[in-house]
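Here is the structure we will look at, set down as structure tokens.
All values reported here derive from a predicted model rather than from experimental measurement.
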Amino acid sequence: HGLCILIQLIGLVFCLLGLCIAIPAVTVFGGVIEGEEGLIEKAREEIPVADAETIELVIAGKSVDGDAELYWFKSGNEYQYHRYTPIEFTALGDDKYRFVKTYHPINRGMQICALQWNGVYSFLIDNEKCASLELTYPEVNPVVEVIPVDSVPFVYYSAVMPAEYNFLDA
């Protein structure tokens, strides 16, 4: 009878040790990302550049659809090529997030990108010469919406899937 109790105690100790190891692992590896700095650190892990740990990296903007948030990260500086990387997170509240997926946008050239996301489009414009985004919606009589680009970087999330989009110069 004493041997059974000893075996049960040893099993209990191993279970507790397993929990002590598992809880931090969940926090670090599949866990919660906190604040803007946490988002940028996760982006450093995700961006496909050799010097990801040291390259200048900023949040260029975001698109929001419910608790899904698509952050556009801009890497590089005025002397480097800029790479734009959209990364989806789930907003958990209180400036906390969970990583979902990294995307590869359509590079439209001249620091303009588009991404089909959640059935519609998210656009990033980082070109000062682009004055507006023109969206044409597939109606019986097509509706054209012109969105002014007030400052760059500029992120726009289209709530309806456009049939066509154009980037217009000033």
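Note that CD of Glu46 and CZ of Phe99 are 3.5 Å apart. Values are rounded to the nearest 0.5 Å. Of the inter-residue distances, the one linking Ile55 atom CD1 with Phe73 atom CZ reads 14.0 Å to the nearest 0.5 angstrom. Once rounded to the nearest 0.5 Å, the distance linking NZ of Lys74 with OG1 of Thr85 reads 12.5 Å. Taken to the nearest 0.5 Å, the OH atom of Tyr103 stands 7.0 Å off from the CG atom of Leu70. With rounding to the nearest 0.5 Å, the separation of CD1 in Ile125 from CG in Leu133 is 5.0 Å. In this structure, Leu39 CG and Lys96 NZ are separated by 13.0 Å, a value rounded to the nearest 0.5 Å.
Between Trp117 and Asp65 there is a side-chain heavy-atom pair separated by less than 4.5 Å. At least one side-chain heavy atom of Val120 sits under 4.5 Å from a side-chain heavy atom of Tyr157. Considering only heavy atoms from C-beta on, Pro153 stays 4.5 Å or farther from Tyr84 through its side chain. Counting heavy atoms from C-beta outward, Val155 and Ser63 have side chains that approach closer than 4.5 Å. A 4.5 Å side-chain heavy-atom check between Phe154 and Cys130 finds every atom pair outside the cut-off. A 4.5 Å side-chain heavy-atom check between Val32 and Tyr97 finds every atom pair outside the cut-off. Contact of the Tyr156 side chain with the Leu135 side chain is registered, since non-hydrogen atoms from C-beta on lie closer than 4.5 Å. With contacts defined as side-chain heavy-atom distances shorter than 4.5 Å, the pair Pro162/Thr136 does not qualify.
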Apply side-chain contact (heavy atoms from CB on, under 4.5 Å) to the pair Phe167 and Arg108, showing each step before the final yes or no.
-> CA-CA 9 Å; Phe167 304 98; Arg108 305 304 297 173; 3.8 Å; yes
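Side-chain atoms of Glu145 and Tyr137 form a donor-acceptor pair, as typed in the model, at a separation below 3.5 Å. No side-chain donor from either of Asp126 and Gln111 sits under 3.5 Å from a side-chain acceptor of the other.
One hydrophobic cluster, built from ILVMFWY side chains closer than 4.5 Å, cannot hold both Val58 and Tyr71; they sit in different ones. Side-chain heavy atoms closer than 4.5 Å link hydrophobic residues (I, L, V, M, F, W, Y) into clusters, and following such links, even through other members, never connects Ile112 to Leu168. Ile47 is connected to Phe89 through a chain of hydrophobic side-chain contacts under 4.5 Å among Ile, Leu, Val, Met, Phe, Trp and Tyr, so both are in one cluster. Under a hydrophobic-cluster definition in which Ile, Leu, Val, Met, Phe, Trp and Tyr are linked whenever side-chain heavy atoms come within less than 4.5 Å, directly or via other members, Val100 and Trp72 are assigned to different clusters.
Side-chain atoms of Arg44 come within 3.5 Å of backbone atoms of Ala52 as a donor-acceptor pair (strictly under, hydrogens ignored). Within the 3.5 Å criterion, the main-chain N or O of Met110 finds a donor-acceptor partner in the side chain of Asn127.
Around CD of Glu36, the count of heavy atoms belonging to other residues, nucleotides or ligands within 6.0 Å does not exceed 12. Surrounding CD of Glu134 are more than 12 heavy atoms belonging to other residues, nucleotides or ligands, all under 6.0 Å away.
For the pair Glu69 and Ala91, the tightest heavy-atom approach, listed with the atom from each and the gap, is OE2-CB, 3.5 Å. Of all non-hydrogen atoms in His104 and Leu115, the two that sit nearest each other are O-CD1, 4.0 Å. In terms of heavy-atom proximity, Gly119 sits nearest to Met161 at O-CE, 3.3 Å. The nearest pair of heavy atoms linking Ala68 to Asn118 is CB-ND2, 4.0 Å.
Salt bridge annotation for Lys101-Glu88: absent, with no cationic side-chain nitrogen under 4.0 angstrom from a carboxylate oxygen.
Under the side-chain contact (heavy atoms from CB on, under 4.5 Å) test applied with Ser132, the options Val146, Asp150, Asn166 reduce to a single match, Val146.
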